[in-house]
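The shown structure was predicted, so the numbers you read here are calculated from the model rather than taken from an experiment. A, B, ... follow the sequence lines: proteins, then strands. Residue 1 opens every chain.
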Number of protein chains: 2
Amino acid sequence: MKQETRKNEIINVAAKLFKEKGYSAVTMRDIATSMGIKAASLYNHISSKQEILKEIIIALAEEFTEGIEQIKASEKSSIDKLKEIVTLHISITSKNTFGMASLNNDWMHLEEQLDYYLGLRAGYEESFRSILVNGIKNNEIANKNPEIMMFSMLSTLRSLYIWIPKKEAVSIKKLSAQLSDVLIHGINK
Amino acid sequence: MKQETRKNEIINVAAKLFKEKGYSAVTMRDIATSMGIKAASLYNHISSKQEILKEIIIALAEEFTEGIEQIKASEKSSIDKLKEIVTLHISITSKNTFGMASLNNDWMHLEEQLDYYLGLRAGYEESFRSILVNGIKNNEIANKNPEIMMFSMLSTLRSLYIWIPKKEAVSIKKLSAQLSDVLIHGINK
DNA sequence: ATATGAAACTAACACTTGTTAGTTTGGTTT
DNA sequence: AAACCAAACTAACAAGTGTTAGTTTCATAT
């Protein structure tokens, strides 16, 4: 099922270009040229430029949603749940840094699926928030403004797509441990 | 000097639109319509679409560069310097959340000034890094990977433009203190 | 009254955009 | 050999793009 179809090739090439210039600045001719074919030929495999964006973003958004639902439902401590979230982001991002750029920067160009996407995102943030708030209640997490904690962690995790490709083959495990440490314990001595 | 010229109005309106859809997706006709005039009339005040982007981004980038140079040269502790950086970002961002979106997302569409911008950004990051590394040397800052610490802090600070407008008139002072606390001491109990 | 100048306008341009229609190619199956 | 099919092609379209040229408007200064 997870075979490399021609359609998937197009989506991957497009995602790479979208990361460099953004969805709007990439033309169908750009994508075609990158594949060594003509723009019209793309339409044998995909129905529109929109569809390419949708395929990139929705798949990733659903992956995040499933991931956090599972973490939320698990029997771990709040801190361990947050560590799992860090691992989730690092894992998904390192498998698809190009797509993550679109997820972060081009979601507003979704049309049909914009509301669906926004719903997934709101749900994700709600789960994240509930993990934090529970942790505060249990005295596992510092009693600081949860919005600020969430904003700080999520900003960092959402920027991983910029940062991961610059590092030479970081081990997911090691990066995850180091980043969790910084996010959880801060930077002070 | 800092008068509200027609040119500045255009730049501000454009920045707002750029934040919503990105530079490439905004047309000169969009900008004109938002001002209640025709696209051709814009050219009485600006020379090109490019120029609008340049004015938005370069002014902000230079503001950050000046800010961090001053912090770096000051006589404060490393931790206090980092707190000042947090305040710098919050201060600049809350004055111009629209422009900050372009700085973060549309810099790659600079043409003439792309190299200049990249130089400013590299210099900024170098200053940030040196403050961190110095702090580690002085035993003021934890001996963790400075790249990861910088990445985490900068990611959060660079995302402020998304977050600040959602909060109802936060005091810069208060937000700065809370965010510094989270970034420096983390979230654990 | 006349001239000035900022700031709007109309009309048009050359080019690029996403997309469609119909056709050709070349390997695989019948 | 004939039929099939995925995947490429050429040619064209209607709409939208940034931008230019030349003109009009109208308040202010002479």
Can you tell me how far apart CD1 (I31(B)) and NZ (K49(B)) are? Round to the nearest 0.5 Å.
6.5 Å
Let me know the distance between [atom1] of [X] and [atom2] of [N], rounded to the nearest Å.
X       : N       : atom1 : atom2 : value
K38(A)  : dT10(D) : NZ    : C1'   : 8 Å
Y43(A)  : dT10(D) : OH    : C1'   : 16 Å
R6(B)   : dG5(C)  : CZ    : C1'   : 16 Å
H109(B) : dG18(D) : NE2   : C1'   : 15 Å
L42(B)  : dT17(D) : CG    : P     : 14 Å
H45(A)  : dT20(C) : NE2   : P     : 15 Å
I10(B)  : dA8(C)  : CD1   : C1'   : 11 Å
I46(A)  : dA7(D)  : CD1   : P     : 13 Å

Could you check L82(B) against L183(B) for side chain to side chain contact (heavy atoms under 4.5 Å, CB included), going step by step and ending with a plain yes or no?
CA-CA 10 Å; L82(B) 291 177; L183(B) 291 175; over 6 Å; no
For E20(A) and M108(B), what are the C-alpha separation, side-chain angles and deciding distance, and is it a side chain to side chain contact (heavy atoms under 4.5 Å, CB included)?
CA-CA 8 Å; E20(A) 286 167 17; M108(B) 70 285 277; over 6 Å; no
Of the candidate nucleotides [options], which contains the atom at the shortest distance from the side chain of [X]?
X      : options                  : value
N44(B) : dA7(C), dA21(C), dT17(C) : dA7(C)
A40(B) : dA8(D), dA11(C), dT19(C) : dA11(C)
R29(A) : dG18(C), dC9(C), dA7(C)  : dG18(C)

Looking across every strand, which nucleic acid part, if any, lies under 4.0 Å from S41(B) by heavy atom: base, sugar-phosphate, or nothing?
base
Is a salt bridge present between K54(B) and E112(B), judged by a nitrogen-to-oxygen distance below 4.0 Å?
no
Of A39(B) and M28(A), whose closest DNA chain C nucleotide lies nearer the 5' terminus?
A39(B)
